[in-house]
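Everything on this sheet refers to the single structure shown next.
All residue numbers in this chain count up from 1 along the given sequence.
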Amino acid sequence: MSFIGQNTLRTKQLNRTLVFQTLLRLEAPTRQEIAAFTKLTPATITNIVNELMEYGYVVELGNGVSELKRAGRKTVVLGLNEEKKRVAGVHIRSDRVELGIVTLRGKVLKSTSFDLPASIGQDEFLELLTRELESFLQKNKALPVSCIGVGSVGLVDYESGRILEAEHLGWENVAIEAVLSRSFNLPVYVDHHVRAMTLAEKMFGACKNQSDFLCVYIGQGIGSGLFLRDQLYRSETTGAGEFGHMTYQPGGTACWCGNNGCLERYASEEAVLHELNMDSITSVLEACRNGDADAVQALRSAGGKIAVVLSSFINMFHVQKIVIGGDMAREDGPLLLEIREKANADSFLARKRMVEITTTALGDQQGIIGAASIALLESIFTVSINK
């Protein structure tokens, strides 16, 4: 076992990131409120805030009334300078790529998407991505970006910026960070797309005030990301989070991963489309809204299967909240209602303390905001320190 100490530089970087996240969480806090919330000393907060103001990330918004001061005493409240930094977010799904320009507060200013051809090779994909991203940024050159965040399907090595494997696409060892940084001469940060969405839920979404939560994304496959003790969980090279490849039915349907009975073979978009013999999730959702009994039952069935696996997860990690994302996970839709009911009912620990289960607060742009979140947090973390 190895132990990693914290040198002075890294401690400053971590504290700066903590202050940045606190500014997002509390909206317009005072220096005193940030100190109380982070448990850092007032002197440390003053130094970090002054540094972030020097770089233009933080501004003073004027006088306010701090709850930590005696009634009526005015003090200066702080805010993020949203226009200081814009980043490009690149969300790579199995079927399409979504592109966006995102502000420091997670607001998507411009976005677009393009479909991926069937059986596209990784070299051809990198050429297509570079070309489409260059065109998108050129069309929006009035909104220049300072870095690029990429959230991708497959096994992603966060440290090296590579897609280690996307076997269902036939990709292996895709050096996406190296290619994009060379093409655009910008810092590039790469992570698994659902871990990126999980970070976005913490920074901008429904989980700002939760220290322990799970984010599950239901697309062509099913992935997840986990926050534990206010930290995004990554398991060394592979990163973990393959919720869709947890076994739902032992000895069941063969999966491309080499196992049998994986959850995503039974409850993903692909599984629902196959069951209903339909060609798009949009059609499924429209049929559901029109009261089609088969569509409603298919979504309820998928939700019930996901709930089976979630209930076991809750017994291992009794998180405070679970966020379900993806087109099928609409608020008050049959899939989410089924998950919400059954996961809590079937989990021993959830019967002692119910877990809040909700849809994403980031809507259809969850993937873009997630990808951008990686770049936003990392660029704040690594900004030069002149102290």
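Atom NZ of K321 is surrounded by more than 12 heavy atoms from other residues, nucleotides or ligands within 6.0 Å. Around atom NZ of K107, no more than 12 heavy atoms belonging to other residues, nucleotides or ligands sit under 6.0 Å away. Heavy-atom contacts from other residues, nucleotides or ligands closer than 6.0 Å to CG of N277 number 12 or fewer. Shown here is H168, whose NE2 atom has more than 12 heavy atoms of other residues, nucleotides or ligands within 6.0 Å.
Panel note: side chain K342, backbone G303; no donor-acceptor pair is recorded below 3.5 Å. With S181 contributing its side chain and A178 its backbone, the two residues share a donor-acceptor pair below 3.5 Å. Panel note: side chain Y266, backbone T253; a donor-acceptor pair is recorded below 3.5 Å.
Annotation: the span from S111 atom OG to E98 atom CD amounts to 8.5 Å, rounded to 0.5 Å. Atom CD of residue Q21 and atom NZ of residue K208 lie 11.0 Å apart, to the nearest 0.5 angstrom. The NZ atom of K85 lies 4.5 Å from the SG atom of C147; values are rounded to the nearest 0.5 Å.
Between I148 and L133 there is a side-chain heavy-atom pair separated by less than 4.5 Å. Counting heavy atoms from C-beta outward, S312 and M316 have side chains that stay 4.5 Å or more apart. Within the 4.5 Å cutoff, the side chain of L78 has heavy atoms near those of the I34 side chain.
Side-chain N/O atoms of T103 and E82 include a donor and acceptor closer than 3.5 Å. E201 and T360 are linked by a side-chain donor-acceptor pair at a separation below 3.5 angstrom, with hydrogens and angles left out of the test.
Using cut-offs of 30° and 60° for the angle between ring planes, the F213 and F227 rings count as parallel.
A salt bridge does not link K305 to E338: none of the charged nitrogens lies less than 4.0 Å from a carboxylate oxygen. Ion pair R330/D327 flagged as a salt bridge, since at least one NZ, NE, NH1 or NH2 atom sits closer than 4.0 Å to an Asp/Glu carboxylate oxygen.
Shown are Q366, R93, H193; of these, the side-chain hydrogen bond (donor to acceptor under 3.5 Å, both in side chains) with Y217 is made only by R93.
Follow the hydrophobic side-chain contacts under 4.5 Å out from I222 and you never reach W256; the two are in separate clusters.
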Requested in this report: Go through the steps for F114 and L129 under the test side-chain contact (heavy atoms from CB on, under 4.5 Å), then give the verdict.
Outcome: CA-CA 9 Å; F114 62 92; L129 174 60; 4.2 Å; yes

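For the pair R234 and Y158, the cation sits on the ring face: its NZ or CZ lies under 6.0 Å from the ring centre, inside 45° of the axis.
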